[in-house]
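Below, each value reflects all heavy atoms present in this structure, side chains not excepted, and no hydrogens, waters or symmetry copies. By convention in this document, chain letters (A, B, ...) are assigned in the order of the sequence lines, proteins followed by strands, and residues within each chain are numbered from 1. All figures in this text were calculated on a predicted structure; none of them were measured in a lab.
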Protein chains: 2
Amino acid sequence: MIGLTIGQLGKATDTKVETVRYYERIGLLAAPGRTSANYRAYGADHLSRLSFIRRARDLGFSLDQVRALLDLASDHSRDCGSVDMLANEHMADIDRKLADLTALRRELSALINSCKGGTISQCRIVEALAPRG
Amino acid sequence: MIGLTIGQLGKATDTKVETVRYYERIGLLAAPGRTSANYRAYGADHLSRLSFIRRARDLGFSLDQVRALLDLASDHSRDCGSVDMLANEHMADIDRKLADLTALRRELSALINSCKGGTISQCRIVEALAPRG
DNA sequence: CTTGACCCTGTAGTTGCTACAGGGTGCATA
DNA sequence: TATGCACCCTGTAGCAACTACAGGGTCAAG
């Protein structure tokens with residue numbers, strides 16, 4: 001028990017206080033002990049777990065994926081294949097998003113290049129958006 | 001007045017019925033007339049406006065951006081520079097997201113490659129996520 | 001002893017829908 | 001005529017992942 005306040009924990013993990021409480025509410029972070037004034041008092045275990053959560057979130061894992069990762073990580077004797085699988089699935093997600101965004105970018109870029117100025121009534125962007133407008 | 005039902009309008013624009021009603025609720029699509037049975041009856045103007053909305057959404061514009069585009073597009077004599085600006089801002093957003101995702105992909109890829117199998121306790125992925133875990 | 005920064009709970013807002021529940025309508029068919 | 005089915009209506013609650021209050025209590029410094 002090192003007795004961090006919620007604000008200190010937040011600062012240490014770059015997490016807003018409300019977010020920490022939110023993680024507690026949804027059962028991702030265990031409820032800590034309380035001081036006599038009913039303040040949350042966090043220990044080293046909370047700090048490391050929240051660090052894990054934030055790092056995984058930064059890498060784009062959903063809260064559900066983070067939960068799964070935490071479950072997997074807690075069993076040290078388990079084969080790490082399942083962790084690898086989760087990471088690879090997430091990688092595939094990212095690749096899909098990249099492809100989508102790239103296609104979008106191309107289309108929007110073509111649209112923007114088609115605009116040669118003038119008034120809205122001649123604007124190719126507006127025209128392209130509303131084919132029968 | 002061509003008298004489309006909400007279902008027909010939805011089919012024509014590839015929009016779910018609930019989504020059409022949602023657009024009406026938030027004031028993006030004008031409330032149409034009603035039949036004697038209180039069914040919504042849409043006209044050509046609704047069809048073209050909803051087409052515009054859906055196309056812009058497909059291109060990744062937010063509803064707020066769509067609203068702005070619709071406002072701009074309604075004034076035909078206006079210079080189209082403002083439309084161009086909005087499109088360019090959106091393009092910049094896309095580029096930022098692309099850069100973020102690419103960085104993420106690189107980081108995650110490095111993480112995945114570091115895993116050489118074995119148990120969780122030796123797993124570099126878990127290790128990298130929880131530096132002091 | 002007061003000011004300000006922190007803490008507490010609980011609830012509602014954000015974005016863009018989606019999914020009911022609990023009803024009414026319209027058309028075809030037996 | 002009844003009955004079934006697909007469609008329509010309103011209103012509300014849910015999703016992710018927070019964020020932002022409102023309306024209070026606590027604590028340390030000056």
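By the side-chain hydrogen bond (donor to acceptor under 3.5 Å, both in side chains) test, E89(A) is found to be paired with no residue, residues two or more places apart in sequence or in another chain being considered. Every side-chain hydrogen bond (donor to acceptor under 3.5 Å, both in side chains) that S121(B) has, sequence neighbours left out, goes to T119(B). The side-chain hydrogen bond (donor to acceptor under 3.5 Å, both in side chains) check on R25(A) picks up nothing, with sequence neighbours excluded. Remark: R40(A) engages E24(A) in a side-chain hydrogen bond (donor to acceptor under 3.5 Å, both in side chains) (not counting sequence neighbours). Residues satisfying the salt bridge (Lys or Arg N to Asp or Glu O under 4.0 Å) test with D95(B), not counting sequence neighbours, are R105(A).
In this structure, R67(A) atom CZ and dA17(D) atom C1' are separated by 12 Å, rounded to whole Å. Between the CD atom of Q65(A) and the C1' atom of dA17(D) there is a distance of 14 Å, given to the nearest Å. I6(A) places its CD1 atom 13 Å from the P atom of dT19(D), with the value rounded to the nearest Å. The nearest whole Å value for the distance from the CG atom in D14(A) to the C1' atom in dA17(D) is 16 Å. Spacing between atom OH of Y42(B) and atom C1' of dC8(D) amounts to 11 Å, rounded to whole angstrom units. One can place CG of L4(A) at 15 Å from C1' of dC7(C), the figure rounded to the nearest angstrom. Remark: C1' of dC7(D) and CG of L9(B) are 15 Å apart, rounded to the nearest angstrom.
Close to dT10(D), at under 4.0 Å from its OP1 or OP2, lies a side-chain N or O of R40(B).
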Checklist line | Nucleic acid footprint by protein, nucleotides 15-27 of chain C - heavy-atom cut-off 4.0 Å, B for base, S for sugar-phosphate alone | finding: -BBBB----BBS-

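Taking all atoms of both residues into account, the shortest heavy-atom contact from V20(B) to Y42(B) is CG1-OH, 3.5 Å.
Among the heavy atoms of the strands, none lies under 4.0 Å from I26(B).
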